Amino acid sequence: MALLKRPNKAAVDDEGRMPLMEHLRELRNRLVYALLALIVGIVIGFLLFNPVWDFLKEPFCENAAAHQLRPGQCTLVTGGIFQPFFTTLKVSAMVGILVSSPVWLYQIWAFVTPALYRNEKRYSVAFMAIAIPLFLGGAALAYIIMDTSLAILLGFTPADTVPAIQIDEYLDYVLIMLVIFGVSFELPLLLVFLNIIGVLSYATVKRHRRTVVFCMFVFGAVITPGGDPLTMMALAAPMVVLYFMAEGFIFLRERRMPRDPDELLSDDEAAPLNLDD
């Protein structure tokens, strides 16, 4: 499939040049809409700070170390005058990004769509429909195992010391875990995308299967903030399963592909010239 796109008739001047200023103006407008939606989401996150914070700190509160400073109460420590404000801002921004995601995702989609062919638009919609649940699934898995991971890490605390966990340090740990797991679950989807655009073949995927699986476990050990075996396995094992699912999809797709190159083109793509005729 050709990677270069033909300019839209409505988007070129008499000399066939793309109106750059028109695209920049459209980009500016869509960025403004996305930013306004994000600001509204942050305000909502600020109003919902207490229940969201209770949800985020729950994995920590499941551990005995959380109750050592004040028996019977889950306690985190603040280490500065501005730290509570920045913590509130971080949590509000998290909620804002999540709440406003339908708006800024649509703005990205609407800006990119005119440059895509019909079949690419269809694939991109499917990718978005799969990518969002994959990210949420990865983040949910990170949240589920977080209390056990924290118990393993805090279990190395010497018997004569009390862990005083800074509130911003814990929030950074939660954010890193959620983002790492969510993004990592998208990697197999990237393989499918590369196959669809003609960059990656099934033969290549099959040839490097063992290396990729090994690298996934290495990636799980290096990228997770704690580095404990449980977190590494919890990240790497689902990635391996998703990788094999992506490999199976690529295999089935290539088996069903027509052998005639002209059949791979969409209605708005030009067939390659045959100079031998």
Side-chain angles (χ1 to χ4, degrees), residues 33-35 37-62 87 89-113 121-150 170-194 196 216-217 219-220 223-226 228 230-249:
Y33 293 144
L35 182 60
L38 178 61
I39 293 174
V40 172
I42 292 176
V43 172
I44 296 175
F46 179 80
L47 297 176
L48 299 177
F49 173 79
N50 288 331
V52 173
W53 175 244
D54 290 339
F55 176 79
L56 292 177
K57 74 176 182 179
E58 185 63 27
F60 175 72
C61 294
E62 294 291 330
T87 299
L89 186 61
K90 280 184 180 180
V91 174
S92 301
M94 288 175 57
V95 177
I97 292 174
L98 183 62
V99 170
S100 63
S101 59
V103 176
W104 55 261
L105 283 174
Y106 170 77
Q107 297 303 325
I108 295 174
W109 165 251
F111 182 75
V112 174
T113 296
K121 294 177 184 179
R122 183 175 65 251
Y123 282 130
S124 59
V125 171
F127 285 150
M128 290 299 297
I130 298 174
I132 294 176
L134 281 177
F135 183 89
L136 295 177
L141 178 60
Y143 183 83
I144 290 172
I145 69 164
M146 208 176 298
D147 58 340
T148 306
S149 176
L150 285 169
Y170 173 72
L171 184 59
D172 290 342
Y173 172 78
V174 173
L175 289 176
I176 291 173
M177 287 283 288
L178 295 178
V179 172
I180 285 176
F181 272 71
V183 173
S184 297
F185 274 40
E186 306 287 350
L187 296 181
L189 190 61
L190 177 62
L191 296 180
V192 175
F193 174 76
L194 293 176
I196 289 176
M216 285 181 175
F217 281 94
F219 174 79
I223 200 66
T224 50
D228 57 283
L230 173 67
T231 306
M232 179 196 74
M233 291 296 298
L235 177 60
M239 287 180 62
V240 171
V241 173
L242 291 172
Y243 170 80
F244 281 113
M245 292 175 63
E247 181 181 341
F249 175 86

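All of these numbers come straight from a predicted model, not from anything done at the bench.
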Quiz item: Taking the six-membered ring for Trp, are F135 and F181 ring centroids under 6.0 Å apart?
Solution: no

Quiz prompt | Listed once per pair and sorted, the salt bridge (charged side-chain N to carboxylate O under 4.0 Å, His left out) pairs that draw on residues 89-98, sequence neighbours left out | solution = K90-D172

Exercise. Would you indicate whether the side-chain heavy atoms of Y173 and S149 approach each other to under 4.5 Å?
Key: yes

Practice problem: Rounded to the nearest 0.5 Å, what's the gap from CG on D147 to SG on C61? Could you check? | Solution: 11.0 Å

Quiz item: What is the minimum heavy-atom distance between G45 and S92, and which atoms define it?
Solution: C-OG, 3.6 Å

Quiz item: Would a 4.5 Å heavy-atom cut-off, applied to side chains only, mark P188 and F244 as touching?
Solution: no

Quiz item: Do other residues, nucleotides or ligands put more than 12 heavy atoms under 6.0 Å from the OH atom of Y33?
Solution: no

Exercise. Please round to the nearest 0.5 Å and tell me the distance separating atom CG of L141 and atom CE of M177.
Key: 8.0 Å

Quiz item: To the nearest 0.5 Å, how far apart are CD1 in I132 and CD in E186?
Solution: 9.0 Å

Quiz prompt | Test side-chain contact (heavy atoms from CB on, under 4.5 Å) applied to M239 and F217, step by step | solution = CA-CA 9 Å; M239 287 180 62; F217 281 94; over 6 Å; no

Exercise. Mark yes or no for whether Y143, through its side chain, and F55, through its backbone, hold a donor-acceptor pair below 3.5 Å.
Key: yes

Quiz item: Is there a side-chain contact between I97 and W104 (heavy atoms, below 4.5 Å)?
Solution: yes

Self-check item: Heavy-atom check, side chain of L191 versus side chain of L187, under 4.5 Å
Solution: no

Quiz item: Side chains of L178 and M146: closer than 4.5 Å at any heavy-atom pair?
Solution: yes

Quiz prompt | CA sep, side-chain torsions, deciding dist, call: M233, L230, side-chain contact (heavy atoms from CB on, under 4.5 Å) | solution = CA-CA 5 Å; M233 291 296 298; L230 173 67; 5.8 Å; no

Quiz prompt | Inter-residue atom distance S100.OG - I39.CD1, 0.5 Å rounding | solution = 10.0 Å

Quiz item: Hey, is CZ on F46 packed in by over 12 heavy atoms from elsewhere, all under 6.0 Å?
Solution: no

Quiz prompt | Heavy atoms of other groups near F219 CZ, more than 12 under 6.0 Å | solution = yes

Quiz item: For the atom pair CD1 (I223) and CE (M232), what is the distance rounded to the nearest 0.5 Å?
Solution: 14.0 Å

Practice problem: Could you name each residue pair satisfying salt bridge (charged side-chain N to carboxylate O under 4.0 Å, His left out) that touches residues 233-244, not counting sequence neighbours? | Solution: none

Quiz item: Rounded to the nearest 0.5 Å, what separation is found between the CG atom of L175 and the CG atom of L56?
Solution: 7.5 Å

Quiz prompt | Minimum heavy-atom distance between M94 and L171, given as atom pair plus value | solution = SD-CD1, 4.4 Å

Quiz item: Which atom pair, heavy atoms only, marks the closest approach of F185 to P238?
Solution: CZ-CB, 3.4 Å

Quiz prompt | Note, L242 side chain near L134 side chain (heavy atom, < 4.5 Å) | solution = yes

Quiz item: Are L235 and I180 side-chain neighbours, meaning at least one heavy-atom pair lies under 4.5 Å?
Solution: yes

Quiz item: In terms of ring plane angle, is the pair Y170 and W53 parallel, tilted or perpendicular, where the classes change at 30° and 60°?
Solution: perpendicular

